> 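The structure that follows is given in the form of structure tokens.
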Amino acid sequence: MAGDAALDFANTVYRRTPELGADLFTNAEALATWLDRAHLLPAMGPPERAFADIAAALKEARALRALFWTVFDAQKDGHNIPADAFARLLGTARRGSDTITVSFDGSMTPLAAEGVFTILALRAITLVLAPPPQGVRACDSCGWFFIDFSRSRRHRWCSMKTCGNQAKAARYRSTHP
């Protein structure tokens with residue numbers, strides 16, 4: 001939806017602004033289901049049994065998401081990526097490098113469920129080091145990240161169906177009492 005798996009992963013809260021919304025990773029099963037639907041988990045049986053240590057996986061997922069927020073917020077605002085955040089991304093990628101395979105075409109496949117965090121970290125690193133020409137943007141309403149593929153490169157919302165429609169309806173209501 002956002003244009004990259006790392007951005008979709010960063011968007012796994014109901015909203016980021018104006019206040020933090022509900023976490024979509026309410027438990028390890030929700031995390032495993034999301035990763036499975038994003039085609040990131042290896043085919044190893046039921047998604048809810050993918051991780052050896054479920055609590056640790058959920059903690060790592062939330063920490064990685066928070067790290068993505070730091071990195072992508074800096075990128076969208078045109079600031080340098082904080083060195084400590086980039087170092088932590090590299091550490092996540094390095095720590096799990098033996099849990100993935102990389103194909104000749106650059107696609108990555110996890111060998112174990114823990115490899116998904118490595119893949120996501122590598123996707124984020126790729127977005128940082130080779131940003132798309134459209135750039136990473138954040139929705140004016142909810143704060144979700146997205147790549148603006150519109151012709152004018154002036155999208156303000158993650159989705160016209162939700163945030164865009166709400167913003168336009170609010171603007172209409174404010175001008176038509």
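None of these values were measured; they are calculated from a predicted model.
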> May I ask you to check if R15 and W144 form a cation-pi contact, with NZ or CZ under 6.0 angstrom from the six-membered ring centre and within 45° of the axis?
no
> For the pair S107 (side chain) and S103 (backbone), establish whether a donor and an acceptor sit closer than 3.5 Å, ignoring hydrogens and angles.
no
> Is there side-chain contact between W34 and L40, with at least one heavy-atom pair below 4.5 Å?
yes
> Would you check if there is a donor-acceptor pair between the side chains of R95 and T118 at a distance under 3.5 Å?
no
> Quick check against the 3.5 Å criterion: does D23 have a side-chain atom that pairs as donor or acceptor with the backbone of T26?
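Side chain of D23 to backbone of T26, a donor-acceptor pair under 3.5 Å: no, none is there.
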> Evaluate the side-chain proximity of I100 to T109: yes if any heavy-atom separation is below 4.5 Å, no if none is.
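In short, these two side chains do not touch, never coming nearer than 4.5 Å.
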> Output yes when a side-chain donor or acceptor of T12 lies under 3.5 Å from a complementary backbone atom of D8, and no otherwise.
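Looks like no, no N/O pair under 3.5 Å.
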> Does the side chain of W69 come within less than 4.5 Å of F145's, by heavy atoms?
yes
> Count the heavy atoms of every other residue, nucleotide or ligand shown that sit under 6.0 Å from CG of D84, and state whether that count exceeds 12.
yes
> Has N11 got a side-chain atom pairing as donor or acceptor with L7's backbone, closer than 3.5 angstrom?
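Judged by distance alone, yes, a pair lies under 3.5 Å.
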> I'd like to know if the side chain of E60 reaches the main chain of A55, judged simply by a donor and an acceptor atom lying under 3.5 Å from each other, with no hydrogens or angles considered.
no
> Could you tell me if the ring centre of F9 sits under 6.0 Å from that of F25?
yes
